[in-house]
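Report on the following structure.
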Amino acid sequence: RLEADKDKEQEAPRLRFKEENPDYKPAKAVRAKKEKFEEVEYRPHITSGIDNKTIFEVIKAKFPQVSVFRQPDISPEKLETLGKEYILDIVVSQEDYAPLISFIKEEKSLGLDLLLHLSAIDWEDHIDVIVHFLSTGDNNKLFIRCSLDRKAPAIETISTIYKGAEWHEREVYDLFGVHFSNHPDLRRIFLNDDFPGYPLRKDFDDPQRVVKRPY
Amino acid sequence: MGPQHPSTHGVLRLVLKLNGENVLEVVPHLGYVHRGLEKVAENQTYLQNIHLTDRLDYLSSHINNLGYCMAMEQALEIGVPERGEYIRVMLSELQRIQSHLLWWGVSGMDLGAVTTFLYGFKERELITDIFEELCGARLTMNFFRPGGSFADVPDTFIGRVKNVIEVMKPALDEYNRLLSGNIIFLERTRNIGILSRENALSYGCSGAVLRASGVSYDVRKNDCYSIYDRFEFDVPTRTTGDCFDRYSLKMEEMAQSLRILEQAVQSFPEGPHRSKEKAAYKLPKGSYYSQVETARGLLGTYIVAEGGAKPYRVKFRSPSFSNLSILNELSVGHKIADIVTILATLDFVVPDLDR
């Protein structure tokens with residue numbers, strides 16, 4: 001309606017303009033020139049440190065049931081085929097979880113002394129608890145996974161081994177609902193204590209809080 | 001110490017158990033700024049998530065963007081041209097100096113020296129003006145893209161950076177004269193909050209907190225990313241691990257950043273600022289991890305992709321979260337005023353904590 005009002009107002013001045021300037025042609029809109037960029041070759045980020053083969057062999061010597069994530073039958077020699085930047089991602093069972101982590105803490109040849117974080121990923125049928133380690137001396141990393149049942153996810157705590165895990169486990173409990181046994185202080189860390197549900201799970205649907213975009 | 005407090009660097013609630021003025025236990029209550037960024041990131045495309053990473057630790061937003069873009073480049077194998085790399089390094093170091101200047105000003109103000117707040121911000125404005133001319137924003141830049149940066153730097157950029165280097169060198173001397181030799185400051189920070197090496201590693205601390213306890217780990221040196229291996233800079237460490245060590249380490253970090261900037265400005269190349277952009281960013285199935293050194297510590301970005309246009313799970317390993325978990329151990333036995341000192345030197349930002 002505003003456009004119609006404006007047309008009515010401007011009718012007389014527009015007619016006057018057309019009479020005064022009969023040869024006026026409006027300027028053509030010029031498209032901004034699109035910059036072209038070339039492709040640049042990717043430089044892979046090669047980390048120094050103990051290579052994946054040694055780490056895998058050391059761990060497999062003590063815990064023979066571990067396997068690499070999504071590569072069930074790979075042997076230590078073939079780990080190089082997974083890529084130059086591949087960080088070793090090991091799947092461990094629930095019984096071996098705590099013994100493996102205390103082995104990693106004590107094993108000086110691996111040198112993995114810093115706990116980066118402990119988190120979880122919600123696949124549709126199970127929940128994966130992931131633990132990431134870093135070695136400050138040798139700068140190699142190791143990722144460990146453990147699959148948990150979705151209905152009652154429970155696993156042992158590692159806050160006695162790596163003290164930083166205390167807060168990370170609280171966060172996983174808060175957002176995913178994974179219960180950690182023998183944890184010194186398991187309570188919600190971010191959300192308030194009576195928050196319904198566990199937000200980071202894939203089936204968390206709260207129309208008031210979660211806004212799904214159409215694209 | 002409630003959520004609204006001038007010294008908690010954000011919205012953080014600490015419940016203190018006291019005996020007179022001595023602290024028996026500190027329990028932090030987080031979550032006042034929890035925005036659920038990791039859940040939001042699952043609903044947005046990969047490029048849209050770059051602006052989310054700005055808001056993680058808003059004082060080092062360029063570096064956060066860099067970590068996320070590096071993870072994407074690792075997945076899609078996108079290279080970055082020379083000028084793009086130089087822009088990334090220079091902006092990261094400028095951001096680090098800017099963040100440390102704010103930290104210095106605010107920590108002086110926490111301890112009672114209110115003039116440091118205004119002095120620190122005087123030089124900080126120069127750097128913020130550079131950022132404003134670059135991308136229009138002073139705080140959350142959203143400037144880097146996978147493959148380089150969003151736009152090229154303007155012609156005045158090099159001149160302004162040279163001006164900043166010239167101004168910062170005598171300014172750093174001034175700041176050191178103001179606080180580092182000050183007897184009151186020394187009394188308040190020496191032997192407060194001593195962090196041993198084993199505890200620092202066990203709790204997962206990073207950045208200045210870790211280096212002050214004797215572990216020499218800097219992502220720029222040890223786990224070199226971008227073109228940091230071409231620049232010469234030192235990574236200082238200290239042995240005691242008390243508040244004064246963390247403080248002096250950060251002042252030296254600023255000097256080292258100036259060194260990197262000097263070297264970068266001398267050899268700033270011409271050329272394109274980014275590589276070819278793709279029509280759609282769809283990461284192949286797999287998981288990708290990249291680390292960067294922000295002004296707070298080690299920021300890790302872990303992307304789990306399932307082949308679509310949106311990520312399946314994004315996890316930000318924030319440095320402030322791990323750095324703050326040692327608060328209870330550090331502050332037992334000290335007085336209330338010492339908690340403020342410890343909080344100031346731990347250098348955390350609450351949005352980084354809560355994500």
Side-chain angles (χ1 to χ4, degrees), chain A residues 35-45 47-49 69-70 83 85-87 89 105 113-117 119-123 128 130 132 134-139 141 143 161-168 171 174-175 185 188-192 199-200 202 204 209-213 215, chain B residues 29-31 34 36 38-39 42-45 70 73-74 76-81 84 147-148 198-206 210 215-217 222-225 272-277 285-291 298 300 302 304 312-313 315 317-318 321-322 324-326 329 354-355:
Chain A
E35 268 192 77
K36 280 209 173 293
F37 299 106
E38 300 164 356
E39 295 227 9
V40 180
E41 202 190 314
Y42 173 64
R43 264 185 318 141
H45 173 90
T47 54
S48 53
F69 181 58
R70 285 190 179 152
E85 292 165 320
Y86 182 70
I87 302 176
D89 199 349
K105 176 90 196 253
D113 42 7
L114 194 87
L115 174 75
L116 277 178
H117 59 188
S119 181
I121 305 176
D122 182 17
W123 306 105
D128 260 350
I130 57 175
H132 289 190
L134 173 74
S135 160
T136 53
D138 303 306
N139 190 40
K141 307 179 190 87
F143 296 171
I161 314 171
Y162 284 99
K163 293 192 213 152
E166 198 184 319
W167 274 26
H168 285 111
E171 185 192 338
D174 189 7
L175 297 172
D185 184 21
R188 295 202 126 173
I189 192 169
F190 286 145
L191 305 166
N192 47 341
L200 240 59
K202 290 289 175 184
F204 178 76
R209 292 191 170 101
V210 176
V211 177
K212 283 241 181 262
R213 292 181 183 208
Y215 46 85
Chain B
H29 285 254
L30 318 176
H34 180 68
E38 296 174 2
K39 182 88 181 173
E42 290 173 15
N43 261 341
Q44 293 187 325
T45 61
M70 273 168 49
E73 285 165 13
Q74 188 193 43
L76 291 171
E77 311 223 324
I78 305 176
V80 184
E198 295 80 34
N199 270 345
L201 286 174
S202 184
Y203 275 96
C205 305
S206 54
L210 185 64
V215 181
S216 161
Y217 188 76
N222 296 39
D223 196 4
C224 211
Y225 57 94
H273 59 91
R274 68 171 301 170
S275 61
K276 194 168 161 90
E277 52 223 4
K285 193 165 171 174
S287 50
Y288 312 100
Y289 178 75
S290 71
Q291 327 190 110
L298 194 157
Y302 184 61
V304 176
Y312 190 78
R313 167 103 166 96
K315 162 89 176 127
R317 186 262 178 208
S318 55
F321 191 72
S322 309
L324 193 64
S325 43
I326 57 177
E329 252 197 59
D354 287 343
R355 266 163 281 134

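Just so we're on the same page: letters track the sequence lines, and every chain starts at 1. What you see is a predicted model, and the numbers here were worked out from it, not measured in a lab.
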(request) Please flag which part of Glu198(B) lies under 4.5 Å from any non-hydrogen atom of chain A: side chain, backbone, both or neither. (result) neither
(request) Could you check whether the rings of His117(A) and His132(A) sit parallel, tilted or perpendicular, using 30° and 60° as the cut-offs? (result) tilted
(request) Please flag which part of Leu298(B) lies under 4.5 Å from any non-hydrogen atom of chain A: side chain, backbone, both or neither. (result) side chain
(request) Check side chain to side chain contact (heavy atoms under 4.5 Å, CB included) between Ser275(B) and all other residues, then give those that pass, not counting sequence neighbours. (result) Val40(A), Ile78(B), Pro81(B)
(message) Among residues at least two apart in sequence or on other chains, which ones pass side chain to side chain contact (heavy atoms under 4.5 Å, CB included) with Glu39(A)?
(response) Lys276(B)
(message) Shorter than 4.5 Å, heavy atoms on both sides: which option in Gly79(B), Ser290(B), Gly31(B) has the most such pairs with chain A?
(response) Gly79(B)
(message) Counting only non-hydrogen atoms closer than 4.5 Å, does Ile189(A) touch chain B with its backbone (N, CA, C, O), its side chain (CB onward), both, or neither?
(response) both
(request) Spell out, as yes or no, whether a donor-acceptor pair under 3.5 Å connects the side chain of Asp128(A) to the backbone of Trp123(A). (result) no
(message) Given heavy-atom pairs under 4.5 angstrom as the criterion, report whether the side chain, backbone, both or neither of Tyr203(B) touches chain A.
(response) both
(message) Among Glu38(B), Glu42(B), Gln74(B), which residue has the highest count of heavy-atom pairs closer than 4.5 Å to chain A?
(response) Gln74(B)
(message) Report which part of Ser322(B) has an atom under 4.5 Å of a heavy atom belonging to chain A: side chain, backbone, both, or neither.
(response) side chain
(message) With chain B as the partner, which of Leu134(A), Ile130(A), Ile87(A) has the greatest number of non-hydrogen pairs under 4.5 Å?
(response) Leu134(A)
(message) Less than 4.5 Å to any heavy atom of chain A: does that hold for the side chain of Ser287(B), its backbone, both, or neither?
(response) side chain
(message) For a quick test of reading the model, state the closest non-hydrogen atom pair linking Trp167(A) to Ser325(B) and the distance between them.
(response) CD2-CB, 3.8 Å
(request) Check whether NZ of the Lys or CZ of the Arg Lys202(A) lies under 6.0 Å from the centre of the six-membered ring of Tyr312(B) and within 45 degrees of that ring's axis. (result) yes
(request) Go through the atoms of Asp89(A) and report whether side chain, backbone, both or neither lie under 4.5 Å from a heavy atom of chain B. (result) side chain
(message) Between Arg313(B) and chain A, with a heavy-atom cut-off of 4.5 Å, which part of the residue counts as in contact: side chain, backbone, both or neither?
(response) side chain
(request) State, yes or no, whether a side-chain contact exists between Glu277(B) and Phe37(A) at a heavy-atom distance under 4.5 Å. (result) yes
(request) Grab the two heavy atoms, one from Gln291(B) and one from Asp223(B), that are nearest each other, plus how far apart they are. (result) NE2-OD2, 2.8 Å
(message) Counting heavy-atom pairs closer than 4.5 Å to chain B, which one of Glu171(A), Glu41(A), Lys105(A), Glu38(A) comes out on top?
(response) Glu171(A)
